[in-house]
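Below, read A as the first sequence line, B as the second, and so on, with proteins coming before strands; counting in each chain starts at 1.
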Amino acid sequence: MSERGAFSVTRIPGFGLIAITTFVLLYLPIVILVIFSFNEGLSQSVWEGFSLRWYEAAFANRQVRDVSIRSLWLAGVAAGLATVLATLAVLGTTRVGRFRGQTMIYALINQPLMVPEIVTGIALLIFVASIKVQTGYTGMGYLVAAHTAFCIPFAYLPIRARLETLDPALEMAAADLYASPVQAFRHITLPLMVPGILAGFMLGFVISLDTVVITEFVKSAGQDTLPTYMLGQLRRTITPEMNAIATLFLLLSLVIVTAFFLITRTRGR
Amino acid sequence: MAVVNGARVAAEIEIAALGKVFGQGEAAFHALKNINLKIATGEFFTLLGPSGCGKTTLLRVIAGFEQPSTGALAINGRQVAGQGPNKRPVNTVFQSYALFPHMTVAQNIGFGLKMLGKPRSEIDATVAEMLRLVRMEALAERRPSEISGGQQQRVALARALAPRPRVLLLDEPLSALDLKLRKEMQGELKRLQTETGITFVFVTHDQEEALTMSDRIAVMSAGRILQLGSPDEIYNAPVDRFVADFIGETNFLTLPVAGVSGDQAHLDLPGGTSAPARLPAGLAAAPGSSVTAVIRPEQAEIAPAEGADLTAEVESATFFGTDTHLHLRLSDGQPFILRRQNRPGQPPIAPGTRLGLVLAPGALQVLRD
Ligand SMILES: Nc1ncnc2c1ncn2[C@@H]1O[C@H](COP(=O)(O)OP(=O)(O)OP(=O)(O)O)[C@@H](O)[C@H]1O
Ligand SMILES: [Mg+2]
């Protein structure tokens with residue numbers, strides 16, 4: 001034990017070992033997945049030389065292209081809608097002073113963070129099935145609605161965090177300088193919320209892109225997204241083409257998450 | 001019409017029987033109580049008082065951020081009850097400056113004019129003029145986060161002045177600045193006020209700032225205006241114990257009334273002599289009763305004991321550079337502080353010395369208590 005300074009967890013015996021084990025467990029499987037996406041042969045365990053053939057196969061695969069486009073489209077639409085709704089929810093819950101049931105509203109908005117996804121999935125399955133029977137409609141509307149609802153809390157949290165750091169005196173100053181409430185919102189509040197809104201959109205986008213359970217239960221025939229397609233393929237033989245698709249998917253997620261951090265850090269100031 | 005230091009001038013702001021209550025029922029809090037005030041056009045008017053006395057609340061009521069609970073408020077002769085801040089010819093310099101962080105200095109200054117729908121050319125010209133007025137031309141394209149506190153202060157001022165409001169409200173605009181910059185900005189503010197002729201309503205809890213800058217001062221405490229007058233009146237003729245105590249240093253003496261003539265009382269002094277003292281308006285002091293009178297420490301002088309108004313014994317002395325404070329005990333036991341100008345070669349006064357004191361004519365002021 002050091003004589004000076006505060007308690008440090010890094011001095012616990014075995015700390016280094018625990019840390020390394022954790023990181024290995026976190027990243028090794030992914031690293032292996034990525035490595036074998038470049039394997040010349042079919043094996044997932046024997047290296048047979050470098051090749052991009054599985055990437056070529058993935059790009060040539062029409063189905064992969066279709067589900068990828070559907071995934072991106074769905075994520076874009078759902079995250080967009082969720083961001084608009086979340087922005088309105090933030091304005092309605094944080095700029096109006098304390099009111100009765102405020103905590104309750106927060107909890108209700110954040111439902112998807114608390115209810116197990118499989119429960120939501122089953123509930124949606126039953127709900128959507130009955131609507132399909134009633135209306136006969138089987139389009140993408142169900143997936144859009146389900147993903148939008150699911151993404152709202154993820155968009156809501158960063159937007160609210162941003163608005164809460166906004167000095168209310170700025171809006172007062174705008175009003176004092178002859179801005180109508182709408183002008184004050186348009187020229188002051190909204191531009192200052194943009195970093196939070198972008199962050200909320202990106203988080204929602206990634207979440208929608210990721211989710212398997214909800215999609216699996218809500219989709220109709222021919223509405224596979226990339227994750228549900230991959231899940232379906234895994235029930236058959238696994239070729240390194242799946243590794244290549246997974247690697248590309250990983251790359252996309254990384255790009256979006258990195259952009260999210262850059263936005264919240266640099267523009268958030 | 002407002003009467004300012006004896007002269008009748010047009011009233012820019014008229015406040016009558018104004019009250020502000022926060023909360024309801026049991027939790028009701030009276031932040032402003034029966035405020036009556038007329039502020040003249042072109043006046044430098046200061047609200048002075050301790051923390052929590054309602055200065056900001058009164059400013060917010062004038063600006064339109066709060067609606068009064070009772071009473072009336074007129075700006076430039078027009079009742080403004082119910083009007084929002086964007087409808088009033090009044091601009092505010094916020095204590096936190098509240099500059100728009102996503103706009104440049106120039107955009108901040110031009111914001112009010114833009115909201116008023118002024119043409120681009122007029123906005124540009126006014127912004128340039130304001131930048132010159134606050135000496136910020138070189139930094140027009142910077143963001144608020146890229147300029148110093150004193151510079152932000154100037155931008156806040158320029159932004160509030162740019163739309164040429166009839167009234168400028170300033171809520172402790174200098175309190176965040178260090179002493180040197182504060183002194184500099186005090187002069188700057190005074191210059192801007194004279195140059196623009198705009199009515200300034202200035203909030204501070206710094207009595208020296210209030211005394212040096214204002215045409216008139218309203219001293220507030222617990223939601224009320226206790227005294228309203230020129231800096232000279234507030235300092236030399238406080239009518240209220242709180243005002244006398246809050247501003248500068250003063251001696252409180254409890255003295256019997258020998259007689260009253262008009263607004264003058266004659267008070268019996270401990271040594272057997274008597275001295276005239278001003279009575280506050282409307283106070284009837286009965287001969288024989290005791291009143292509290294105040295006198296500033298610099299308004300008495302050391303004199304030979306025979307023929308003096310008062311005699312006293314020196315208890316201690318504190319050296320202050322330009323002057324020395326002598327802590328005296330009067331012959332009847334009341335404490336008295338005397339400020340004595342330091343001069344080269346002047347012999348020090350040792351504790352235990354007995355002195356005579358002569359009071360400056362008109363120095364004694366009776367309090368309303
Ligand atoms: N919105 C509000 N709700 C309840 N009470 C309030 C509200 N605004 C102000 N008050 C109370 O009114 C009183 C006066 O507040 P105000 O801000 O006017 O004080 P001040 O004189 O400006 O003080 P300071 O010098 O500290 O700025 C305070 O006791 C404050 O707590
Ligand atoms: Mg205040």
Side-chain angles (χ1 to χ4, degrees), chain A residues 83 87 90-92 94-102 158-202 259-269, chain B residues 22-23 56 59-60 62-66 83-104 107-118 123 126-127 130 143-146 152 155-171:
Chain A
T83 305
T87 304
V90 166
L91 292 170
T94 54
R95 266 299 191 260
V96 289
R98 297 226 126 257
F99 57 87
R100 271 177 71 90
Q102 197 165 20
I159 298 173
R160 184 174 141 204
R162 177 68 188 169
L163 188 62
E164 275 177 347
T165 61
L166 262 195
D167 183 1
L170 295 178
E171 284 162 6
M172 290 199 310
D176 190 60
L177 291 163
Y178 314 106
S180 67
V182 173
Q183 284 174 316
F185 179 75
R186 151 95 182 66
H187 292 286
I188 307 300
T189 318
L190 192 58
L192 290 172
M193 281 174 74
V194 161
I197 291 175
L198 280 180
F201 174 82
M202 291 192 156
F260 167 81
F261 277 114
L262 289 181
I263 284 176
T264 43
R265 213 187 49 200
T266 59
R267 301 214 39 192
R269 267 180 302 173
Chain B
F22 289 115
T56 297
L59 224 54
R60 287 170 58 82
I62 297 174
F65 299 123
E66 301 281 359
Q83 271 181 13
N86 56 331
K87 303 275 190 235
R88 302 188 183 188
V90 169
N91 288 154
T92 306
V93 178
F94 292 84
Q95 183 163 1
S96 60
Y97 309 149
L99 296 178
F100 305 130
H102 58 305
M103 296 183 190
T104 63
Q107 286 168 335
N108 265 280
I109 297 175
F111 186 82
L113 294 163
K114 189 170 154 194
M115 292 302 109
L116 286 172
K118 299 284 187 231
I123 297 178
T126 311
V127 168
M130 287 299 141
R143 299 272 165 137
S145 58
E146 299 162 345
Q152 290 179 17
V155 176
L157 249 171
R159 183 179 70 175
L161 283 172
R164 296 253 161 224
R166 297 197 59 90
V167 180
L168 193 70
L169 307 177
L170 304 104
D171 194 355

Given the rule in the side chain to side chain contact (heavy atoms under 4.5 Å, CB included) test, do B:Ile62 and B:Thr92 qualify, once you have shown the distances and angles that lead to the verdict?
CA-CA 10 Å; B:Ile62 297 174; B:Thr92 306; over 6 Å; no
Checked A:Ala174, A:Pro168, A:Ser180 vs chain B; the most non-hydrogen pairs under 4.5 Å come from A:Ala174
So which part of B:Ser96 gets closer than 4.5 Å to some heavy atom of chain A, the side chain, the backbone, both or neither?
side chain
State, yes or no, whether a side-chain contact exists between B:Phe22 and B:Glu66 at a heavy-atom distance under 4.5 Å.
yes
Under 4.5 Å from any heavy atom of chain B, what part of A:Asp176 do you find: side chain, backbone, both or neither?
both
Between B:Leu169 and chain A, which part of the residue has a heavy atom less than 4.5 Å away: side chain, backbone, both or neither?
neither
Should the ring pair B:Phe65 and B:Phe94 be called parallel, tilted or perpendicular, given that the plane angle runs from 0 to 90° and is split at 30 and 60?
tilted
Interface moiety of B:Arg88 toward chain A, non-hydrogen atoms closer than 4.5 Å
backbone
If you take all heavy atoms of B:Arg143 and B:His102, which pair is closest and at what distance?
NH1-O, 3.1 Å
A:Ile197 and A:Arg162, any side-chain heavy atoms less than 4.5 Å apart
no
